[in-house]
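For reference, the structure discussed in these notes is given below.
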Number of protein chains: 2
Amino acid sequence: MADVKPIGKALFLREEELRRGIELMFFAYRDFTGEADWILAEKAMGRAHHRAIYFIGRHPGITVSNLLNILCITKQSLSRVLSGLMKDGYVIQKPGVTDRRQRLLFLTKIGIAFESRLTSMQARRFAAAYRGAGVDAVDGFQQVLHRLLDIDTISQMSQQDRLANE
Amino acid sequence: MADVKPIGKALFLREEELRRGIELMFFAYRDFTGEADWILAEKAMGRAHHRAIYFIGRHPGITVSNLLNILCITKQSLSRVLSGLMKDGYVIQKPGVTDRRQRLLFLTKIGIAFESRLTSMQARRFAAAYRGAGVDAVDGFQQVLHRLLDIDTISQMSQQDRLANE
DNA sequence: CTTAATTGGTCAGCATGGCTGACGTAAAAC
DNA sequence: GTTTTACGTCAGCCATGCTGACCAATTAAG
């Protein structure tokens with residue numbers, strides 16, 4: 001890691017600046033997820049449940065395999081979480097219409113309410129940060145985050161967007 | 001990507017935009033940490049080891065309690081990780097000079113090499129994203145991330161900066 | 001000097017949430 | 001009719017959080 005010096009408006013790609021980015025990611029993600037953990041603990045749930053609830057709420061009728069692709073965990077791990085969520089009445093399954101092997105996932109009323117409670121908390125944090133930083137900063141934020149993604153993730157996200165706009 | 005675009009310079013804090021931020025954080029953090037996990041797996045280590053190595057490398061001579069404050073875990077959890085790292089020769093302890101109860105933490109030669117290998121991987125990812133996005137985007141990225149932090153974390157980070165500049 | 005507070009380690013036990021391997025079942029595809 | 005796909009499930013392993021309790025060395029306060 002060389003100690004490259006900035007010239008004029010050039011980028012500061014010194015180790016120090018890059019480490020700052022790494023640390024900001026670490027702390028921001030920790031604080032961003034930590035807030036929801038409190039609510040989840042009330043219901044004896046963890047982040048795994050949160051992620052499942054979030055993406056089922058985001059893509060109602062998502063298949064198990066699609067959810068697996070998003071979460072990048074094994075089906076055994078997901079299965080444990082999903083069975084818990086169904087037992088507790090947050091999630092229901094319906095057989096697929098075109099392919100009846102599929103079990104399409106939906107949030108129940110209380111699932112929707114719970115998802116909304118969790119997401120609105122995190123959304124408030126983002127809204128405050130966005131408002132404070134301004135439009136241009138938000139744009140830069142999203143640009144950089146997007147460029148931090150693996151190429152696989154990028155195509156995966158745009159695929160989801162396509163599904164969402166059907 | 002949502003079809004609705006901001007008009008002029010006004011911020012659109014619609015749910016869609018906020019959810020996009022939430023998801024970008026999730027995926028970016030996943031990809032950002034996932035890369036290092038591969039290397040860590042070779043050495044039979046996990047993220048906990050990575051975090052400890054990173055912050056010891058960042059703040060050589062850090063005390064255990066300071067490291068605990070950064071990581072926000074219990075000393076029992078950290079102790080397990082630290083003993084492993086010392087057993088494997090990545091970390092050493094030295095008694096504090098002013099307060100001999102303290103055990104100041106340092107990376108060994110191989111600890112430094114390993115930290116550098118891990119960090120330079122992540123730094124490369126950041127450098128590429130930063131270069132692609134440009135100075136202004138990077139500034140916005142850092143601004144927004146900073147505003148996503150808890151107030152406690154903000155003061156903690158600036159405190160670390162002060163220590164680093166001694 | 002004695003006592004209390006601080007710094008840190010450690011043992012025991014528990015929960016969550018990843019993982020693998022193996023096996024089962026229903027439906028679709030060929 | 002056989003094979004592949006989509007999904008569930010059982011059993012067990014590992015990493016990494018947690019709590020409570022207890023111990024040792026050292027420092028600070030009375």
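Chain identifiers are assigned alphabetically (A, B, ...) following the order of the sequence lines, protein sequences preceding nucleic acid strands; residue numbering begins at 1 within each chain.
Between Leu85(A) atom CG and dG8(D) atom C1' the separation is 16 Å, expressed in whole Å. In this structure, CG of Leu78(B) is placed 10 Å from P of dC18(D), rounded to the nearest angstrom. Distance NZ (Lys75(A)) to P (dG8(D)): 8 Å, rounded to an integer number of Å. Rounded to whole Å, the distance from CZ on Arg51(A) to P on dT16(C) is 15 Å. Computed from coordinates, the Lys43(A) NZ to dT16(C) C1' distance equals 19 Å when rounded to whole Å. The separation between Asp99(A) atom CG and dC7(D) atom C1' is 11 Å, rounded to whole Å. Look at CE on Met45(A): it is 19 Å from C1' on dG17(D), rounded to the nearest Å. We find that CZ of Arg103(B) is positioned 10 Å from C1' of dT26(D), with the value rounded to whole Å.
Within the nucleic acid shown, Ser65(A) comes within 4.0 Å of sugar-phosphate atoms alone, with no base atom in reach, counting heavy atoms only. Arg80(B) comes within contact range of at least one nucleobase, with a heavy-atom separation under 4.0 Å.
If you find the closest nucleotide of DNA chain C to Ile73(A) and to Thr98(A), the one lying nearer the 5' end belongs to Ile73(A).
No donor-acceptor contact under 3.5 angstrom links the side chains of Thr153(B) and Asp150(B), judged on distance only. A side-chain N or O of Thr74(A) and one of Ser77(A) form a donor-acceptor pair less than 3.5 Å apart.
Listed pair Gln102(B) / dT27(D) fails the phosphate criterion, with no side-chain N or O lying under 4.0 Å from OP1 or OP2. Regarding contacts with the backbone of dC19(C), a side-chain N or O of Thr74(A) is found under 4.0 angstrom from either OP1 or OP2. Distances shorter than 4.0 Å separate some side-chain N or O of His49(B) from OP1 or OP2 on dT16(D).
Taking only distance into account, the side chain of Gln76(A) never meets the base of dG18(C) through a donor-acceptor pair shorter than 3.5 Å. The base of dT6(C) lies close enough to the side chain of Arg101(B) for a donor and an acceptor atom to sit less than 3.5 Å apart.
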Practice problem: List the steps and the verdict of side chain to side chain donor-acceptor pair (under 3.5 Å) for Asp139(A) and Gln143(A). | Solution: CA-CA 6 Å; Asp139(A) 188 60; Gln143(A) 269 189 55; 3.0 Å; yes

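The aromatic rings of Tyr130(A) and Phe141(A) stand perpendicular to each other, their planes meeting at an angle above 60°, with 30° marking the opposite boundary.
Taking the six-membered ring wherever Trp is involved, the centroid distance between the rings of Phe26(A) and Phe55(B) falls below 6.0 Å.
Listed nucleotides: dT10(C), dG18(C), dG17(D). Nearest to the side chain of Ser79(B): dT10(C). For Thr63(A), whose side chain is taken as the heavy atoms from C-beta onward, the closest listed nucleotide among dT16(D), dG18(C), dC7(D) is dC7(D). With distances taken from any side-chain atom of Arg100(A) to the nucleotides dT19(D), dG17(D), dA28(C), the minimum falls on dA28(C).
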